[in-house]
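Below, chains carry the letters A, B, ... as their sequence lines are ordered, and counting in each starts from 1. Given the structure is predicted, the values throughout are model-derived calculations rather than measurements.
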Amino acid sequence: MTPVTSDVRPAAAESRQRVTRPPVIRDVLAAALRAAVTAAGLPDPGPIVLEVPRQREHGDWSTNVALQLAKPAGRPPRAVAEAIRDFLLGADLAHLSAVDIAGPGFLNITLAPSWLHEVLRAVVAAGAGYGSGQALAGQKINLEFVSANPTGPLHAGGGRWIATGDAIANLLVTQGAEVHREYYLNDTGNQLVTLRESLAARYHGRDLPEDGYRGAYLGDLAVAIREEHGGDLDDDELLELGVARIVAGIRDDLARVGVTFDTWFSERVLHERGDVAAVLAVLRDRGLTYERDGAEWLRTEDFGDTRDRVLVRGDGTTTYLCNDLAYHRDKYERGFTHLINIWGSDHHGQVKSLQAGVEALTGRTGEPEIILGQLVKLIRGGVEIKLSKRAGNIVTLADILDEVDADVARMTFLLQSLDTKQTFDLDVVTAQSMENPVYYVQMAHARIASIGRRAAGAGIVRVPLDDVDLASLTHERETDLLRRLAVYPDVLAEAAAARAPHKLTHWVHDFAGAFHGFYGACRVLDAEPALVQPRLWLAEACRIGFADALAILGVHAPDEMARVDDLPESEPPVSEPGA
RNA sequence: GCGCCCGUAGCUCAGAUGGACAGAGCAGGGGACUUCUAAUCCUCAGGUCGCAGGUUCGAUUCCUGCCGGGCGCGCCA
């Protein structure tokens, strides 16, 4: 049921070449519009908004400048539009075919198909870097995500943060940023105490403590450690070994979905190095802390928090916030210009506190940037599975990966906006994984590869693009594909700016739909001779688009799919409600 | 009580900076396999964009108030 693949994950987005793209048509049009506005004696319109209209009849590009200028110019929108149009038509623009005024005063610009042929050439010339921008050039970004406590295996919902974090990292890279993936290991503190007690209980065959972790994995862990190291370990040694094994398990899970972190940062190191104490010293030195009720507080309210926060508890230990401040200071000291953390929305209450603390410490405002995502709701047998590591009824990420391949899992997690609570129906995802959008997209890529193989078999080779006349690419299916490729750089820029990988997922899915439509309507190899080369190059441009988008999403772009006839009969899994 | 997120087609969800008759997938109806792999395509049907006001030439989008759901308001993480 998995795609036949070379098992090489597509080149990471990091490897994309910086390319200098030729001036894109939008920029050319915007400049021309601006010149027309000036020539018409109209006020400065600010940024010119050019968008691709929903309706094809509304042309290739549409702008509302006339509507926005109507009021400041004191003239009716359509009159403004007419003035702009006249100057635009007189500017002798390449590819320009028609300028229409529509509705309340939109300027609809229709271009000759030749502009799309330029898009094709631009895609091929740029290759994997086609969609890249430079909006984040020079930025060194630290992106912290997942960071689940090492008290047990990653749970299924964590998959959302893994897929999202990796995709966002790739997206930021497309905009020219240097991105560092980081995993914060909370290897100290209360949860580790609980883990130690729970593990020790399992290890010695005692009853679990009241609030201990009840997951079966701890029993397995205790057995494994006993087998390897005997039964005479003290609790701290046991914890040490246990955490090491749990972390190794987390790394394994991450490896299964192809995610690698640049740094695993240990919270314990912060304490051992004295970083926490140093941060406290700085804050005290600046007079930003005070004593109250036996604790030491930070004046976070002065920096926008709803109230002040405790840094040092009455028992002398430091709070999570205090340690976290030391951690974030360390990130800045490592030279990052911008910090981003991906958190579950259940932690949104801490955003203000951390940002206030970071401002108190470093003077930076709005840092770190926190991307909040709604939690995943797991459903099996029509019943929601309430996850609780403490209670032990967890569905692990490994469980999911045992049932579906990583591409399916990733694409599923990247389908929805982070603002939407994601419903992950295990029955649907597993039993119907064949219908998962990922295969729809991969199929498109595989079809292109298949055409290439067929062509090779028939002795058909692509001649250099410079020698190909693309003028014959006028079929609606063909221009549709090129229009979608034309906006791909915008899609990447938007998805990166909004930290919203799902925008790319939707683009590539729609792009696949357009390709399948083309595939059904337009033959490539048995087309009339004049069309074969242009279509081969069109297919190549599409391949570049699919490969690039899928690489950013962390999904394979296979050259071949298993034939549906060869697929094993899928049996609907038997579900046990509440299991 | 206060804060954040959500409420769009039967279901799951898209719909930046307000724009031209609201989109996709799945499910449902009807078609297309001597195929560059039908994991596909074509086509039909389906929506008071939670409700009520307000701002605007124009509101699914912005503002206010309700209603419904999730989460958070610790010297826990």
Report task. Under 4.0 Å between any heavy atoms, over every strand shown, what does A:R54 touch: base, sugar-phosphate, or nothing? Just pick one. Result -> sugar-phosphate
Query raised in the report: Can you tell which of A:D405, A:L414, A:D407 makes a side chain to side chain contact (heavy atoms under 4.5 Å, CB included) with A:V555?
Result: A:D407
Requested in this report: Please work out if A:G520 contacts a base, only the sugar-phosphate, or nothing of the nucleic acid, heavy-atom cut-off 4.0 Å.
Outcome: nothing
**Report entry** Residue pair A:D308 / A:Y290, side-chain donor-acceptor N/O under 3.5 Å
**Finding:** yes
Requested in this report: Just call it for A:K377: base, sugar-phosphate, or nothing, with non-hydrogen atoms closer than 4.0 Å on any strand.
Outcome: nothing
Requested in this report: Identify whether any heavy atom of A:A498 sits under 4.0 Å from a base atom; if not, whether one sits that close to sugar-phosphate; answer base, sugar-phosphate or nothing.
Outcome: nothing
Query raised in the report: Whole-Å distance between B:C75 P and A:L298 CG?
Result: 13 Å
Report task. Check if the side chain of A:N436 and the base of B:A39 share a donor-acceptor pair of N or O atoms closer than 3.5 Å. Result -> no
Query raised in the report: For A:C522, which contact category applies under a 4.0 Å heavy-atom criterion: base, sugar-phosphate, or nothing?
Result: base
Query raised in the report: Less than 3.5 Å between a donor and an acceptor, one on the side chain of A:D346 and one on the base of B:G72, is that the case here?
Result: no
Query - Backbone of A:L550 reached by a side-chain donor or acceptor of A:Q442 within 3.5 Å - result: no
**Report entry** Distance-only donor-acceptor test (3.5 Å): side chain A:Q350, base B:A77
**Finding:** yes
**Report entry** Of A:T306 and A:H502, the one whose closest RNA chain B nucleotide lies more 5'
**Finding:** A:H502
Query raised in the report: So, are A:E540 and A:R543 salt-bridged, with charged N and O less than 4.0 Å apart?
Result: yes
Requested in this report: Return the nearest nucleotide to the side chain of A:H506; candidates are B:A77, B:A14, B:G72.
Outcome: B:A14
Report task. Carefully, step by step, assess A:T194 and A:D211 under the rule side chain to side chain donor-acceptor pair (under 3.5 Å). Result -> CA-CA 8 Å; A:T194 305; A:D211 292 323; over 6 Å; no
Requested in this report: Please work out if A:R477 contacts a base, only the sugar-phosphate, or nothing of the nucleic acid, heavy-atom cut-off 4.0 Å.
Outcome: sugar-phosphate
Report task. Just compare B:A20, B:A39, B:C75 and give me whichever is closest to any side-chain atom of A:S62. Result -> B:A20
Query - Paired stretches of RNA chain B - 3 or more consecutive Watson-Crick or G-U pairs, each distance under 3.5 Å - result: B:1-7 with B:67-73, B:10-13 with B:23-26, B:28-32 with B:40-44, B:50-54 with B:62-66
Query raised in the report: When all nucleic acid strands are considered with a 4.0 Å heavy-atom cut-off, which category describes A:R454: base, sugar-phosphate, or nothing?
Result: sugar-phosphate
Query raised in the report: Using a cut-off of 4.0 Å on non-hydrogen atoms, how would the nucleic acid contact of A:H348 be classed: base, sugar-phosphate, or nothing?
Result: base
Requested in this report: Look at all strands and tell whether A:E291 reaches a base, only sugar-phosphate, or nothing, counting heavy atoms closer than 4.0 Å.
Outcome: nothing
Query raised in the report: What does A:K503 touch in the nucleic acid at a heavy-atom separation under 4.0 angstrom: a base, only the sugar-phosphate, or nothing?
Result: sugar-phosphate
Requested in this report: Calculate the interatomic distance between A:M561 atom CE and B:A39 atom C1'; express it in whole Å.
Outcome: 6 Å
Query - Residues forming a ring-ring contact (aromatic ring centres under 6.0 Å, His included) with A:Y440, sequence neighbours excluded - result: A:H509, A:H516
Report task. Mark yes or no for whether A:H556, through its side chain, and A:P558, through its backbone, hold a donor-acceptor pair below 3.5 Å. Result -> no
Query raised in the report: Which part of the nucleic acid does A:L67 contact within heavy-atom distance under 4.0 Å: base, sugar-phosphate only, or nothing?
Result: base
Query raised in the report: How would you label the contact of A:D425 with the nucleic acid (heavy atoms, under 4.0 Å): base, sugar-phosphate, or nothing?
Result: nothing
Query raised in the report: Under 4.0 angstrom, heavy atoms only, what part of the nucleic acid is A:Q416 near: base, sugar-phosphate, or nothing?
Result: sugar-phosphate
Report task. Under 4.0 Å between any heavy atoms, over every strand shown, what does A:Y440 touch: base, sugar-phosphate, or nothing? Just pick one. Result -> sugar-phosphate
Requested in this report: Rounded off to whole Å, could you give me the CG-to-C1' distance for the A:D308 and B:C75 pair?
Outcome: 13 Å
**Report entry** Earlier contact from the 5' end, RNA chain B, for A:E267 and A:D419
**Finding:** A:D419
